[in-house]
Amino acid sequence: MTTPHRRTAPLRGADTARRRRAADGRSRILLRRAAVTIAFLAAMAGTAVGVGAFGGDPIEEAAGGLLAADSTHLAPASSAFSIWTLIYAGLGAYTLWQWWDPRDDRGIAMPAIASMLLNAAWILVIQAGWVWVSVPVIALLLAVLALLFRRITVHPPRSLVERLVVDGTFGLYLGWVSVATCADIAAALKGSGFLGLGAPELFAVVVLAAVAAIGIELTVLGRRPLAAPAAMIWGLAWIAVGRATDAPHSPVVAIAAVVAALVIAVAAVIGAVRGRRSPAGPDPRPRPDPVPTPGTHRAAPGTRRAAPGSGREAPRSGRAAPEGPGR
C-alpha cells in the first residue's frame, strides 16, 4: 500500500523545480536590466570624455583635428552633432523603460548594450588619436545597430511608448551613425594622405550616392520606419551646409548632399503612404492557442470528421478528445 508521504513527494519535487526555474528567470531579467543600465552609464562617461569634461580634447580637436567640421568634404557642420542630445535622451528613456519590460520579446537588450559600449569605445579610441582603429569600431557599431533595426522592424512595438523609446531612439541612432561612418572613414583616409584619387569632390559625390541608396533601403524595410531616414537627412543637410559655408568649400558636394537628402525624404514619404494603404503584416511572435468556445472540442488523434451533409458520423477512437488550454 502506498503511503501518503510517497504520493506527495513527487508533487513537492515538481513544485520545487518550478520555483527554482522562476527564481532563475527573475535573476536573468535583473541581470539584463542591470547590464543595460551599466552600458548606458558607460556611454555617458565616454560622452563626458568626448566633450572634454575629464581633461580630454573635444572630438573636433582630437586626433589632430581630423574630425573637425572643416577637415574633409564629408564632414558635417558643427551644429549637426546636436542630434546626440536627442539620441542620448532616447537611450536614457530606453534604459528606464526596459526596467518595466519583463521579457525583451524583440531581442533588443544585447545589441543595445553592445551599441552603447561601442560608442564609448569609439570616443576613447579617438581620444587616443587612433583614427584608423576607430574605423572598424564604428563599422561594428553600424552592424550592431543594423541588426537591432532589423529586429525592431520585424517585431512591431506593443505600445506607443515602446515605439518612441525603442524604435524612435535606435532609428535615429542608426541613421546618424550611417552618415558618421562615412565622415570617419574620410577622416582616416585624409590622415593617411589619401586625396580622393586627385578628385576629392567626385569621391565625395560617389559616397553620398551610396548613402542615399542606403537611406532608400531603410525606408522600405519593416513598418514604415521614419526615424532612421530622418537622422540621415539631418546629417546630409549639415554636410551641405558645411560645404556651402566652410572649408573645404565645394558647391558640387553641397548640391549632391542636398539631392541625397531629398531622395531619402521622397522615399520615406512614399513608403509611409504605401504603408498606410496596405494592412500591417502579422506579428510573427508566437501567441497562445485560442481557447475553444463552449460546445466545441478538438478531434481526437486518429479520428476524421464526417463530411458536411454526408449523414455519417466520424469513427470514434474510444478516447475523449483533448480540450483546449485552461479548459
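It should be emphasised that the depicted structure is a prediction, and the values quoted were computed from it without experimental measurement.
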Between [X] and [Y] (side chain of the first, backbone of the second, donor and acceptor by atom type, cut-off under 3.5 Å), is there such a pair?
| X | Y | answer |
| --- | --- | --- |
| Asp104 | Ala109 | yes |
| Glu60 | Leu67 | no |
| Trp132 | Ala188 | yes |
| Lys190 | Ser71 | yes |
| Thr219 | Ile216 | yes |
| Gln98 | Thr95 | yes |
| Gln127 | Ile123 | no |
| Arg243 | Ile255 | no |
| Arg32 | Pro102 | yes |
| Tyr173 | Ser115 | yes |

- Query: Tell me the side chain to side chain donor-acceptor pair (under 3.5 Å) pairs involving residues 228-239, sequence neighbours left out?
  - Reply: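 Every pair satisfying side chain to side chain donor-acceptor pair (under 3.5 Å) with a residue in residues 228-239: there are none.
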
Side chains of [X] and [Y]: closer than 4.5 Å at any heavy-atom pair?
| X | Y | value |
| --- | --- | --- |
| Val252 | Leu202 | no |
| Val125 | Val131 | no |
| Leu142 | Ser178 | yes |
| Trp97 | Thr169 | no |
| Trp122 | Leu141 | no |
| Leu74 | Leu208 | yes |

So, taking the atom named [atom1] in [X] and the one named [atom2] in [Y], what distance separates them when rounded to the nearest 0.5 Å?
| X | Y | atom1 | atom2 | value |
| --- | --- | --- | --- | --- |
| Arg28 | Arg103 | CZ | CZ | 14.5 Å |
| Trp130 | Leu124 | CH2 | CG | 10.0 Å |
| Ile83 | Ile87 | CD1 | CD1 | 4.5 Å |
| Leu118 | Leu140 | CG | CG | 5.0 Å |
| Arg26 | Leu31 | CZ | CG | 15.0 Å |
| Leu172 | Met232 | CG | CE | 12.5 Å |

- Query: Would you call Asp101-Arg33 a salt bridge at under 4.0 Å N-O?
  - Reply: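 Salt bridge between Asp101 and Arg33, a charged N being under 4.0 Å from a carboxylate O: no.
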
- Task: Would you sort out whether Arg106 and Asp167 count as a salt bridge (Lys or Arg N to Asp or Glu O under 4.0 Å), showing the intermediate values?
- Result: CA-CA 11 Å; Arg106 304 168 84 187; Asp167 299 49; 3.0 Å; yes

Do [X] and [Y] belong to the same hydrophobic cluster, where Ile, Leu, Val, Met, Phe, Trp and Tyr are linked whenever their side-chain heavy atoms lie under 4.5 Å apart, directly or via other members?
| X | Y | answer |
| --- | --- | --- |
| Leu30 | Trp100 | yes |
| Leu164 | Ile108 | no |
| Ile214 | Leu148 | yes |
| Leu189 | Ile59 | yes |
| Tyr88 | Val144 | yes |

- Message: Quick one about Thr47 and Trp84 (side-chain donor to acceptor, distance below 3.5 Å, no hydrogens or angles considered), yes or no?
- Response: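 No pair is found: no donor N or O on one side chain lies under 3.5 Å from an acceptor on the other.
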
What is the minimum heavy-atom distance between [X] and [Y], and which atoms define it?
| X | Y | result |
| --- | --- | --- |
| Pro229 | Ala268 | CB-CB, 4.2 Å |
| Ala68 | Ala75 | O-CB, 3.5 Å |
| Ile185 | Val135 | CG1-CG1, 4.0 Å |
| Val154 | Pro156 | O-CD, 3.6 Å |
| Leu236 | Ala261 | CD1-N, 3.7 Å |
| Cys182 | Val211 | SG-CG2, 3.4 Å |

- Taking the six-membered ring for Trp, is the centroid-to-centroid distance between Phe194 and Phe203 below 6.0 Å?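 Ring centroids of Phe194 and Phe203 are less than 6.0 Å from each other.
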
- Message: Between Tyr94 and Phe170, is the ring centroid distance below 6.0 Å?
- Response: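 Yes, ring centres under 6.0 Å apart.
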
- Message: Tell me whether Met44 at atom CE has more than 12 heavy atoms from other residues, nucleotides or ligands lying less than 6.0 Å away.
- Response: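 Atom CE in Met44 is packed in, count exceeds 12.
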
- Task: Report the C-alpha separation of Met116 and Leu91 in whole Å, then their side-chain angles, then the decisive distance to 0.1 Å, and conclude whether the side chain to side chain contact (heavy atoms under 4.5 Å, CB included) test is met.
- Result: CA-CA 9 Å; Met116 290 185 279; Leu91 290 175; 4.2 Å; yes

- Message: If the condition is salt bridge (charged side-chain N to carboxylate O under 4.0 Å, His left out), which residues does Asp184 pass it with, not counting sequence neighbours?
- Response: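 By the salt bridge (charged side-chain N to carboxylate O under 4.0 Å, His left out) rule, Asp184 matches no residue at all.
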
- Message: As a quick check of understanding, evaluate side chain to side chain contact (heavy atoms under 4.5 Å, CB included) for Leu218 and Leu174, giving each step before the final call.
- Response: CA-CA 10 Å; Leu218 291 180; Leu174 172 63; 4.0 Å; yes

